[in-house]
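Below: one structure, written as structure tokens.
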Number of protein chains: 2
Amino acid sequence: MAYTIKDVAKKANVSIATVSRILNNQKGYSEQTKKKVLKAIEELDYHPNAIARGLINKKTSTIGVLFPALSSMLATELLAGIEKTAHELGSSVIVCHTESNGLKTMKYLQLLNEKRVDGIIFTSEILKEEYYEFIQKMNIPLVLLSTESRAYPVPYVKVDDRRAAYAAVQYLIKQGHKRIGMISGNDQDMIAGKPRIEGYLDAMSDYGLPADDSFIARMKGFKFSDGTEGLKLLKKQLPDVTAVFAASDDIAVGAISSAYRLGIRVPDDLSIIGYDNLKIADMTIPPLTSLAQPFYEMGEKAAQMIFDLMDGDELIESRIMPHSIAERNSVLKLGS
Amino acid sequence: MAYTIKDVAKKANVSIATVSRILNNQKGYSEQTKKKVLKAIEELDYHPNAIARGLINKKTSTIGVLFPALSSMLATELLAGIEKTAHELGSSVIVCHTESNGLKTMKYLQLLNEKRVDGIIFTSEILKEEYYEFIQKMNIPLVLLSTESRAYPVPYVKVDDRRAAYAAVQYLIKQGHKRIGMISGNDQDMIAGKPRIEGYLDAMSDYGLPADDSFIARMKGFKFSDGTEGLKLLKKQLPDVTAVFAASDDIAVGAISSAYRLGIRVPDDLSIIGYDNLKIADMTIPPLTSLAQPFYEMGEKAAQMIFDLMDGDELIESRIMPHSIAERNSVLKLGS
DNA sequence: TTGTACGCGTTATCAG
DNA sequence: CTGATAACGCGTACAA
């Protein structure tokens, strides 16, 4: 059995109160006794019990993070950022894999509640009413990451997808492209789907370029297979397309792969720009130009916000993170 | 403030003991009172405090997992498997990102100790003496995942790298290749480095094929850049190579990329087989044939073992997980 | 400067 | 079947 504060007290011939004081470096003891106690702690190899501490302090130094999918590069970059900041600030993070499943999500929320986590980061998904209500009752800080809520006043950290998409398309336009198509993810997705389509449309419209329904291949998801299918579809709908904006890197990579099979050279025959700038963007042939989301930093920021909220900073503002273009070689500059 | 068992007891006009019994569905109460209590619980929306429970039960239903790198597909597949099983068995998982840093690792171990986690899964790295000793003192189950220890009797879950490498090379041989090179990771790495080289050498030797130093490009790591550099090096050392065994998928992808730039066609001019079978293997051009490690299942198994150990199963045996070949299109079958 | 004693929310051991 | 009550390990008024 592990030693307790009592054992230390006994060994050092002091009361547990004194030991506690020294442990939490408060004041109220002589250097003398401090040394005595420290020595006892050392000798016993005593380590305070965070559980007992949590019970009395009503603070567990643990936060919960919910992911719809764990094994995606995106999630892990976020997680890495969260974990780093949390650890720096003395907290641990419990990961929860919801699979976008309502029941599972509620189960996790129950769990996190019983474990009395200090805060929750909810990522990459719509915050349903049920979730929100429950977390409200838990009465702990909540931050949305890589998602946002129109329905509830919850601070979030994300890029402005509409503007980011606009920027990506604008980049294509500035390279001289005019017939620009898009392979979009699920257009019912109000977070990552619709805004990116709107951004695309905004840009095309602003620059006086045509873009009707035949310019967009609306897929069901944001995966590699959506990219392979998407490109075929788009090519059928818009044979003279010279550049495509893919709503995710996975889609973009799928498109590149599909293009290769179709004998379409990238970027010579067709330019492609991705979205997310995952590690994979560096590994494709050609390396993929992509709209970069700063996932790691977003994770850091979200964790930071949780702690600010815990510290009572009443009104934390949401944070729109800056996007940028990671320029590589999948987009051809067209001569005028 | 959240309600406590006391509030429930009061509301239901029973003692906290009775409430506790019902909560933990033990016996010793009438259906009558059970209903009363359940109603009170419902009305108050009471949720037991896992911290208080942990204090008295000496069980936190939490395990800690240490990763040297979080944002790698490999780690996240492992994590996903661990998380799934842990959750099924009623536990949460705390992730720790050590960055292969001794000090950070010890700090995390301290933390996990203070948090009184029920067990620890240590992944993808050498278990140093310092770590082992500390965890020994913690006196909780420890399982090694995707690594093993020669120095200490700790159960592990991993594939047999030497045999797996052998299998990969054998596959190449069976496709008719004879001039087979290898791009290896760090040969000082006793877990993922050396055994794979040995497996390669074993296979070449068993089939009477030549394989001296010029057949191996020994790189520093297992990354994409090691693959790009590795291929160039190998091509210089062994100009007539027809197939290469890459010690990781990242290396393999780098090699493919490098080959492309060098005007070497894969698989027509050069066959490449990877190692790990990450998601990325599906996305390359051509899709990468790779030696598959069942990461997700390995994570599941490791978690399972932790719980078996917690349940007192004294001697848990290590588990060598089966590898396989994920056949895609990066290896050419040579005519006899 | 130091020690006593109570409480944090549970579970478990006794009596009744 | 039920209810006090003592732990669990620690922090902290309060007293000394």
Side-chain angles (χ1 to χ4, degrees), chain A residues 1-38 40-41 44-62 90 110-111 113-118 138-139, chain B residues 1-38 40-41 44-62 90 110-111 113-118 138-139:
Chain A
M1 209 41 245
Y3 290 111
T4 77
I5 198 172
K6 251 183 201 159
D7 301 312
V8 176
K10 196 174 299 172
K11 178 147 188 127
N13 278 319
V14 296
S15 73
I16 64 168
T18 301
V19 178
S20 177
R21 287 188 191 101
I22 293 174
L23 244 33
N24 303 296
N25 46 344
Q26 308 178 32
K27 49 208 160 181
Y29 48 80
S30 64
E31 270 304 309
Q32 260 274 264
T33 52
K34 174 167 179 178
K35 264 188 191 135
K36 240 185 353 187
V37 170
L38 254 28
I41 288 178
L44 290 180
D45 193 27
Y46 163 77
H47 294 274
N49 182 327
I51 300 301
R53 273 187 169 162
L55 184 55
I56 194 162
N57 289 335
K58 294 179 182 320
K59 182 162 180 303
T60 52
S61 294
T62 305
Q110 299 266 9
L111 195 78
N113 180 28
E114 299 196 354
K115 287 239 164 93
R116 300 297 194 262
V117 295
D118 299 331
M138 287 177 68
N139 194 32
Chain B
M1 209 41 245
Y3 291 109
T4 77
I5 199 172
K6 254 183 200 159
D7 301 312
V8 176
K10 198 175 298 172
K11 178 147 188 127
N13 278 320
V14 295
S15 74
I16 62 171
T18 301
V19 178
S20 176
R21 285 189 191 100
I22 294 174
L23 246 33
N24 303 297
N25 47 347
Q26 308 178 34
K27 49 207 161 180
Y29 48 81
S30 64
E31 270 305 308
Q32 260 274 265
T33 51
K34 174 167 179 179
K35 263 186 193 139
K36 238 184 358 185
V37 169
L38 253 27
I41 289 178
L44 291 180
D45 192 26
Y46 162 77
H47 294 274
N49 183 327
I51 300 301
R53 272 188 171 160
L55 183 56
I56 193 158
N57 288 336
K58 295 181 182 320
K59 179 161 181 303
T60 52
S61 293
T62 305
Q110 299 267 8
L111 194 78
N113 180 28
E114 300 196 354
K115 288 239 164 91
R116 299 298 193 261
V117 294
D118 299 331
M138 287 177 67
N139 195 31

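Residue numbers begin at 1 in each chain, while the letters A, B, ... track the order of the sequences.
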For this session: Quickly work out the Lys58(B) NZ to dG9(C) P distance and round it to whole Å.
Result: 19 Å
Exercise. Do other residues, nucleotides or ligands put more than 12 heavy atoms under 6.0 Å from the CD atom of Gln26(A)?
Worked result: yes
Exercise. Do Lys36(A) and Val14(A) touch side chain to side chain, with heavy atoms closer than 4.5 Å?
Worked result: yes
Exercise. By a strict heavy-atom criterion of less than 4.0 Å, which residues belonging to residues 8-20 of chain B are in contact with DNA chain C?
Worked result: Ile16(B), Ala17(B), Ser20(B)
For this session: Sequence neighbours left out, what passes side-chain contact (heavy atoms from CB on, under 4.5 Å) with Ile56(A)? Give chain and number order.
Result: none
Exercise. Looking at side-chain heavy atoms only, is the closest gap between Leu23(B) and Ile41(B) below 4.5 Å?
Worked result: yes
For this session: Output all residues satisfying side-chain contact (heavy atoms from CB on, under 4.5 Å) with Lys58(B), sequence neighbours left out; order by chain, then residue number.
Result: Met1(A)
Exercise. If an axis is fit to five pairs at each end of the helix from dT1(C)-dA16(D) to dG16(C)-dC1(D), what is the angle between the two, to the nearest 10°?
Worked result: 50°
Exercise. According to the salt bridge (Lys or Arg N to Asp or Glu O under 4.0 Å) rule, which pairs have a member within residues 44-55 of chain A, sequence neighbours left out?
Worked result: Asp45(A)-Lys137(B)
Exercise. With Asp118(A), which residues qualify under side-chain hydrogen bond (donor to acceptor under 3.5 Å, both in side chains), at least two apart?
Worked result: Thr60(A)
Problem set entry | Pairing residues for Asp7(A) by the side-chain contact (heavy atoms from CB on, under 4.5 Å) criterion, not counting sequence neighbours | Tyr3(A), Thr4(A), Leu44(A)
Exercise. With side chains defined as the heavy atoms from C-beta onward, is the minimum distance between Tyr29(A) and Val19(A) less than 4.5 Å?
Worked result: no
Exercise. Is Ser20(A) close to Asn24(A) at the side-chain level, that is, under 4.5 Å between some pair of heavy atoms?
Worked result: yes
Problem set entry | Nucleotide dG7(C), atom C1' - distance to CD1 of Ile5(B) in whole Å | 16 Å
Exercise. Got Lys10(A) and Ile16(A) here, is their nearest side-chain heavy-atom distance under 4.5 Å?
Worked result: no
Seminar exercise, completed: Between CD1 of Ile56(B) and C1' of dG7(C) the distance, given in whole Å, is 14 Å
For this session: May I ask you to say what Tyr3(A) touches in the nucleic acid, namely base, sugar-phosphate or nothing, with a heavy-atom cut-off under 4.0 Å?
Result: nothing
For this session: Apply side-chain contact (heavy atoms from CB on, under 4.5 Å) to Ala2(B) and list each qualifying residue two or more places apart in sequence or on a separate chain.
Result: Arg116(A)
For this session: May I have the distance from Asn57(A) (atom CG) to dG7(C) (atom P), rounded to whole angstrom?
Result: 17 Å
Seminar exercise, completed: Asp7(B) CG to dC8(C) P, in whole Å, measures 11 Å
Problem set entry | Span of DNA chain D, from the first to the last nucleotide whose atoms fall under 4.0 Å of chain B heavy atoms | dC1(D) to dG9(D)
Seminar exercise, completed: In numerical order, the residues of residues 21-30 of chain B whose heavy atoms come under 4.0 Å of DNA chain D are Arg21(B), Gly28(B), Tyr29(B), Ser30(B)
Exercise. Who passes salt bridge (Lys or Arg N to Asp or Glu O under 4.0 Å) against Lys11(B), sequence neighbours left out?
Worked result: Glu43(B)
